[in-house]
Number of protein chains: 2
Amino acid sequence: MTVGTSAARAQTRPAPTLEEVAERAGVSRSTASRAINGGLRVSPEALASVEAAVAALGYTPNRAARSLVTRKTDSIALVIPEPDERVLSDPFFAGTLSGLSAALQASDLQLILLIARPGDNARTLRYLRNGHVDGAVVVSHHRDDSVAVALLDARVPYVFIGRPLSGDRAIQYVDVDNVRGARLATEHLISRGRRRIATIAGPEDMAAGIDRLEGWRIAMGASGLADDAVVHGDFTIEGGIAAIRPLLAAHPDIDAIFVASDLMAVGAMRHLAELGVRVPGDIAIVGYDNLALAATVQPPLTTVVNPVVAMAKAAGTFLLDQLSGSSTAARTTIFSPELIVRASS
Amino acid sequence: MTVGTSAARAQTRPAPTLEEVAERAGVSRSTASRAINGGLRVSPEALASVEAAVAALGYTPNRAARSLVTRKTDSIALVIPEPDERVLSDPFFAGTLSGLSAALQASDLQLILLIARPGDNARTLRYLRNGHVDGAVVVSHHRDDSVAVALLDARVPYVFIGRPLSGDRAIQYVDVDNVRGARLATEHLISRGRRRIATIAGPEDMAAGIDRLEGWRIAMGASGLADDAVVHGDFTIEGGIAAIRPLLAAHPDIDAIFVASDLMAVGAMRHLAELGVRVPGDIAIVGYDNLALAATVQPPLTTVVNPVVAMAKAAGTFLLDQLSGSSTAARTTIFSPELIVRASS
DNA sequence: GCAGAGTGTGGGAGCGCTCTCACTTCGTCG
DNA sequence: CGACGAAGTGAGAGCGCTCCCACACTCTGC
């Protein structure tokens with residue numbers, strides 16, 4: 001009987017190596033390796049006995065050793081600039097994670113969360129370019145993402161989720177057509193007979209903010225309506241609440257508001273209710289994003305679908321394609337927005 | 001002039017190695033390694049010249065090579081059982097991530113998101129125990145987390161966030177005292193003169209659901225009040241909405257509800273409003289979690305603070321301690337809940 | 001004066017894996 | 001029937017790093 005078989009030695013018992021698997025299977029390390037990695041050029045018998053040995057030993061390839069020779073890490077980074085609560089508590093973030101992990105499920109890639117601290121961009125970039133990850137998905141938020149350009153130079157496969165704003169170079173991204181979404185929303189209000197349509201726009205340093213404002217302007221201009229009733233918010237409920245008072249003060253005659261995010265729309269509706277303004281009776285409201293919230297507020301909110309999960313999934317799939325080499329062409333995918341009409345308009 | 005210096009060769013230019021750093025610094029690989037890893041037993045001159053070489057070359061140690069010999073991966077996993085939207089879109093999840101990444105900021109540890117697919121537990125466990133990560137933080141949700149026990153056996157340092165339900169063995173976790181929180185909430189309602197206090201409890205297979213129900217029972221029992229008005233929800237808005245009708249049908253005389261989550265409380269309040277029931281006039285409401293939402297609904301919701309970020313931070317710090325060897329004793333940390341009184345009660 | 005401790009340094013082994021290459025054993029065709 | 005390719009295999013090198021060890025060399029104290 002062996003001494004200290006389980007308790008005493010458990011903490012130091014090393015993970016089984018390929019060598020051990022090979023020995024147990026009665027083949028060479030080379031054959032064992034081939035058997036494990038797809039089984040090409042391996043006889044059925046050898047394959048079977050290696051598989052049995054793997055199962056018996058509970059073998060998992062040592063990622064570090066493999067990575068050292070293949071120069072791949074089997075992991076990709078989800079880069080999140082600005083680790084403030086704004087990003088993480090953002091409802092989109094959860095969707096991004098869902099979609100991305102769904103896309104990665106079939107593959108053996110690990111998802112590494114790379115939270116880029118504001119000041120420490122250099123560190124993040126160094127990490128990305130020195131071969132620690134095989135690819136990167138960047139959640140784009142603000143204008144100054146120097147990450148983008150650096151990624152291009154580093155030749156690391158990447159995709160942005162959301163059009164990055166940093167300049168002129170061709171960057172691969174997945175996004176939804178926010179201009180068109182805002183146009184749909186605004187045209188819907190116009191078709192309902194509204195004429196004095198204001199907008200609570202998003203931040204001016206975010207692509208979604210800019211594009212949705214532009215879509216509203218285009219729709220208003222196309223119908224010959226004035227596009228002067230604009231106030232900016234920060235995409236939060238509080239921002240929506242805060243926007244209402246100045247908007248009504250400057251434009252008391254408005255009969256509809258296109259709000260660039262559901263959260264802001266909810267805030268706006270709440271404040272309007274307090275002021276005794278009826279929705280949609282006095283003012284019709286259309287939001288954006290189609291959060292779960294939109295269906296459950298009173299009145300249910302007309303809104304534009306923001307297909308975050310699908311976008312993230314597409315980003316993941318695209319990255320996978322790049323990594324497998326089946327697609328090397330730069331590509332951007334633009335999803336189509338969809339209007340969901342509910343009682344608020 | 002060299003041919004193809006940047007464009008042509010950029011994509012294949014290998015990352016600088018320690019060997020190159022050493023050569024450039026005029027020292028041996030050993031000395032360079034020592035200089036990079038803390039600088040012990042290295043002369044100031046050697047240290048300086050290595051540092052200069054590192055900067056000049058933009059050197060980053062190859063993690064795989066290092067990991068191969070040190071048998072550490074410098075990464076920890078955040079394990080998330082059940083990758084359905086329930087978990088990821090959970091507001092706590094964002095908080096967990098925030099807290100954890102805050103705790104890890106100072107260290108060089110990478111955060112790997114390990115999303116455990118329901119059926120594929122074996123794969124997750126194998127990943128965890130075969131040395132792919134140095135430690136794990138597990139977001140505990142449901143009763144059957146076999147992950148817990150396996151982690152114990154695997155001797156991988158770990159912490160659970162939220163008390164795991166899987167059985168009798170001593171498991172290290174960080175949690176908030178949900179029993180006490182529920183008691184605080186219920187006692188508050190009693191002190192306000194309410195006597196027929198119902199509860200919308202959480203799922204019976206989650207620690208938070210169980211504990212908050214128990215806290216309510218204890219408080220009710222201590223005051224000699226009947227603890228029969230119980231209905232279960234799933235911690236979502238929809239769950240709160242759905243709970244109201246059966247609750248009122250079975251107990252039409254209730255004058256208060258302790259709702260085990262803010263989301264359910266919001267749903268409940270919304271449905272009560274539709275039924276013409278006044279809050280807090282007819283029925284007082286207390287929620288749980290203190291989400292941002294709680295402060296902005298009408299009426300603002302009395303609730304109990306659930307310090308998710310702090311808990312995650314504590315979990316991260318604890319894990320760090322374990323990894324550095326400064327603390328090996330099993331430990332559980334229980335945070336104190338705090339009642340926030342607003343207009344709904 | 002010299003043993004002993006302490007300090008800085010370089011050489012070399014080896015972590016666990018993949019991959020190239022050489023080898024054997026077939027089947028198949030001219 | 002010899003030549004050739006294809007298929008299956010194993011030996012060996014080496015990825016970039018850390019760490020052990022041997023080797024100088026300097027400094028102390030008797």
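By convention in this document, chain letters (A, B, ...) are assigned in the order of the sequence lines, proteins followed by strands, and residues within each chain are numbered from 1.
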So which protein nitrogen or oxygen atoms get under 3.5 Å of nucleotides 5-7 of chain D's nitrogens or oxygens?
{"unit_1": "D:dA7", "atom_1": "OP2", "unit_2": "A:Arg41", "atom_2": "NH1", "d": "3.4"}

I'd like to know if the side chain of [X] and the backbone of [Y] have a donor-acceptor N/O pair within less than 3.5 Å.
X: B:Ser49; Y: B:Ala25; answer: yes
X: B:Thr31; Y: B:Val27; answer: no
X: B:Thr73; Y: B:His132; answer: yes

| query | Going by distance alone, is a donor N or O of one side chain under 3.5 Å from an acceptor N or O of the other, for B:Ser30 and B:Ser33? | reply | no
| said: Applying a 4.0 Å non-hydrogen cut-off, can you work out what A:Ala64 is touching in the nucleic acid: base, sugar-phosphate, or nothing? | reply: nothing
| request: Classify every nucleotide of nucleotides 17-25 of chain D by which part a protein heavy atom approaches to under 4.0 Å, writing B for the base, S for the sugar-phosphate alone and - for neither, in 5'-to-3' order. | output: BBB------
Determine all donor-acceptor pairs shorter than 3.5 Å in which one atom belongs to a side chain in residues 55-63 of chain A; sequence neighbours excluded.
{"unit_1": "A:Thr60", "atom_1": "OG1", "unit_2": "B:Asn130", "atom_2": "ND2", "d": "2.5"}
{"unit_1": "A:Asn62", "atom_1": "OD1", "unit_2": "A:Ala64", "atom_2": "N", "d": "2.8"}
{"unit_1": "A:Asn62", "atom_1": "OD1", "unit_2": "A:Ala65", "atom_2": "N", "d": "3.1"}
{"unit_1": "A:Arg63", "atom_1": "NH2", "unit_2": "A:Asp74", "atom_2": "O", "d": "3.2"}
{"unit_1": "A:Arg63", "atom_1": "NH2", "unit_2": "A:Asp108", "atom_2": "O", "d": "3.0"}

| Under 4.0 Å: is that the gap between some side-chain N or O of A:Thr31 and OP1 or OP2 of D:dG10? | yes
| field | Start and end of the DNA chain C segment that chain A contacts, any atom under 4.0 Å from a heavy atom | value | C:dG16 to C:dC19
Nearest-0.5 Å distance, [atom1] of residue [X] to [atom2] of residue [Y]:
X: A:Leu114; Y: A:Leu128; atom1: CG; atom2: CG; result: 5.5 Å
X: A:Gln322; Y: A:Ile76; atom1: CD; atom2: CD1; result: 11.0 Å
X: A:Leu68; Y: B:Leu68; atom1: CG; atom2: CG; result: 6.0 Å

| With sequence neighbours excluded, what pairs up with A:Arg29 under the side chain to side chain contact (heavy atoms under 4.5 Å, CB included) test? | A:Leu18, A:Glu19
In a table with atom names and distances, give each donor-acceptor pair under 3.5 Å that connects a side chain of residues 309-319 of chain A to protein atoms at least two apart or in another chain.
{"unit_1": "A:Thr317", "atom_1": "OG1", "unit_2": "A:Lys313", "atom_2": "O", "d": "2.8"}

